[in-house]
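These notes concern the structure reproduced below.
Both backbone and side-chain heavy atoms feed into the values below; hydrogens, waters and symmetry mates do not. From a predicted model like this one, the values you see are computed outputs, not experimental measurements. Indexing begins at 1, ligand by ligand and atom by atom, following the structure's order.
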Amino acid sequence: MNPTDRLDRYTAALRFAERQVARLIEKHPDFFPIYTVQGRWHHAGQLWTDWTGGFLAGMMWQFHRRTGDACWRERAEHYSRLLEHRQHDRNVHDLGFIFLNTYRPWYQLTGDPRLHAVLIQAGRTLAMRFQERGQYLCSFIGPESLFIDIMMNVPLILYAANETGDEELRRVAVAHCRTTRERIVRPDGSTAHEGIFDTGTGEFLRESTHQGLSAHSAWARGLAWSLYGYSQVYELSGLEEFREVAERNAGYWLSHLPEDGVPYWDFDADLTQPPPYGAQKESSAGAIAASGLLHLAQQTPSPEQAEVYRGAALRTLDALVSPDYLADSTPDWEGILKHGVYHTEKQLGVDESVMWGEFFLVEALTRAVTLPGGMR
Ligand code: GLY
């Protein structure tokens, strides 16, 4: 795609995203959906875990930042406020997803100390998940479980550490990132979804999964969480060792992608088999990785590597804004991005729109249209 067409197409996709979010909140006020069923946000399907509120509100902040539209700011503040009580939520490991995409942009805009206090409290609450034996933040499953997804949430603890100078918060965050790297990031750059530990001794027992194909497979979204998570952790900690992990993840990612740059749900899926366990695309992983690669492109010391990351991110985004994935030409589809997957084994949100896919598509497109030097 030439740069002018790309800019037009990405901008049109962002406008479509605004329309879909406006439509959702008008139809279902104060409702935080997780995934669609046959393209509809409101249904009786279970949540599994309640972790995605920050993505809906976060898109509103993205829209406001890009357009300056006061109406989006008003909506963003309202929906962020609805999440404020989650700063004390000890039942999930997802407080980074919830607060970094809402209270952080709100605080950056206003400098209001009350908003700052919410962010710091959320970081402290998340840090309470730390298991001294084993040196990791445990997942919502229980004290024995470490998820790769937590790499996207641990930046909230580092943020709180940087803002307060609290060395204990930094210790916990850095230890978690090192344990994750040692235990569930593999030498080839792929990742396991979960690590299981002996809670009595802290000993690492085995790889495991909930949402991937198998314990030892490479679940696409988990790898995208790792790539983007380590890139953010590098930014917030200044520790090169974490950029190196993100680059290792990126190496696996780039060498295993199909032609259109949008992964199948698990890199070990048998593509000769039909969905959902076989050839099922996972657009949300593509959107997360595209945003993460654009971030990593600004961090890698190699200009050639930066070009590779940028080019790969744009290739994926080119596909995601095509009618194959973007719902703009699918009548009555309420989401923005089709062909996401939430939980294959539980049959939740398979081949549907998922709220984090929406958010990371918006974030990546917003990043792409404001790239320094434009989109080559
Ligand atoms: N539970 C986080 C995810 O589905 O990626």
Side-chain angles (χ1 to χ4, degrees), residues 32-37 41 45-56 58 86 89 91-101 126 129 136-142 145-156 176 180 184-185 190-196 207-215 217-230 232 249 253 262-267 269 276-277 280-292 335 337 339-361 363-364:
F32 288 97
I34 295 189
Y35 60 93
T36 61
V37 171
W41 287 117
Q46 60 161 290
L47 307 180
W48 188 41
T49 164
D50 181 6
W51 61 288
T52 64
F55 300 130
L56 180 58
R86 303 289 301 272
D89 187 344
N91 294 320
V92 297
H93 56 251
D94 304 293
L95 297 185
F97 285 135
I98 296 172
F99 287 96
L100 289 172
N101 301 318
L126 182 58
R129 306 193 74 80
Y136 58 92
L137 298 154
C138 65
S139 84
F140 79 101
I141 296 289
S145 161
L146 158 67
F147 269 21
I148 195 68
D149 322 24
I150 299 173
M151 282 311 306
M152 285 292 280
N153 292 286
V154 73
L156 177 64
H176 174 84
T180 302
I184 60 172
V185 180
S190 70
T191 52
H193 181 195
E194 186 183 32
I196 300 291
E207 293 183 342
S208 175
T209 196
H210 294 263
Q211 288 158 282
L213 181 67
S214 74
S217 72
W219 175 48
R221 191 159 66 255
L223 182 55
W225 289 146
S226 184
L227 185 166
Y228 196 179
Y230 275 104
Q232 290 185 59
N249 294 148
W253 182 269
V262 181
Y264 292 92
W265 73 289
D266 192 297
F267 286 105
Y277 287 97
Q280 172 63 55
K281 287 294 189 114
E282 213 294 72
S283 59
S284 81
I288 296 159
S291 205
L337 185 62
H339 308 308
V341 176
Y342 181 20
H343 199 309
T344 305
E345 188 64 24
K346 288 185 182 291
Q347 297 179 39
L348 303 176
V350 178
D351 205 27
E352 294 285 346
S353 289
V354 292
M355 198 45 82
W356 57 94
E358 316 282 84
F359 173 81
F360 287 102
L361 177 68
E363 185 188 76

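- When ring centroids are compared, Trp219 and Phe267 stay outside the 6.0 Å threshold.
- Close approach to Trp51 involves these atoms of ligand 1, each under 4.0 Å from a residue heavy atom: 1 (N), 2 (C), 3 (C), 4 (O), 5 (O).
- Ligand 1 has no N or O atom lying under 3.5 Å from any N or O atom of Thr49, backbone or side chain.
- Ring centers of Trp48 and Tyr35: at least 6.0 Å apart, outside the cut-off.
- Aromatic ring centres of Phe55 and Phe32 lie farther apart than the 6.0 Å criterion allows.
- Between the side chains of Trp356 and Ser284, at least one donor-acceptor pair of N or O atoms lies under 3.5 Å.
- For ligand 1, the atoms closer than 4.0 angstrom to any heavy atom of Gln211 are 1 (N), 3 (C), 4 (O).
- The closest approach between a heavy atom of Phe97 and any atom of ligand 1 is not below 4.0 Å.
- Atoms of ligand 1 lying under 4.0 Å from at least one heavy atom of Tyr342, given by number and element, are 4 (O).
- Between the side chain of Lys281 and the main chain of Val262, a donor-acceptor pair closer than 3.5 Å is present.
- In this structure, the ring of Trp225 has its center no less than 6.0 angstrom from the ring center of Tyr230.
- A side-chain hydrogen bond (donor to acceptor under 3.5 Å, both in side chains) with Ser145 holds for exactly one of Glu194, His210, His93; it is Glu194.
- Heavy-atom distances between Trp225 and ligand 1 reach below 4.0 Å in at least one pair.
- The heavy atom nearest to atom 2 (C) of ligand 1, considering only Asp149, Leu348, Ile288, Thr52, is found in Asp149.
- Within the 4.0 Å heavy-atom criterion, neither part of Tyr35 lies near ligand 1.
- Which parts of ligand 1 touch Arg221 is read off a 4.0 Å heavy-atom cut-off, strictly below it: atoms 3 (C), 4 (O), 5 (O).
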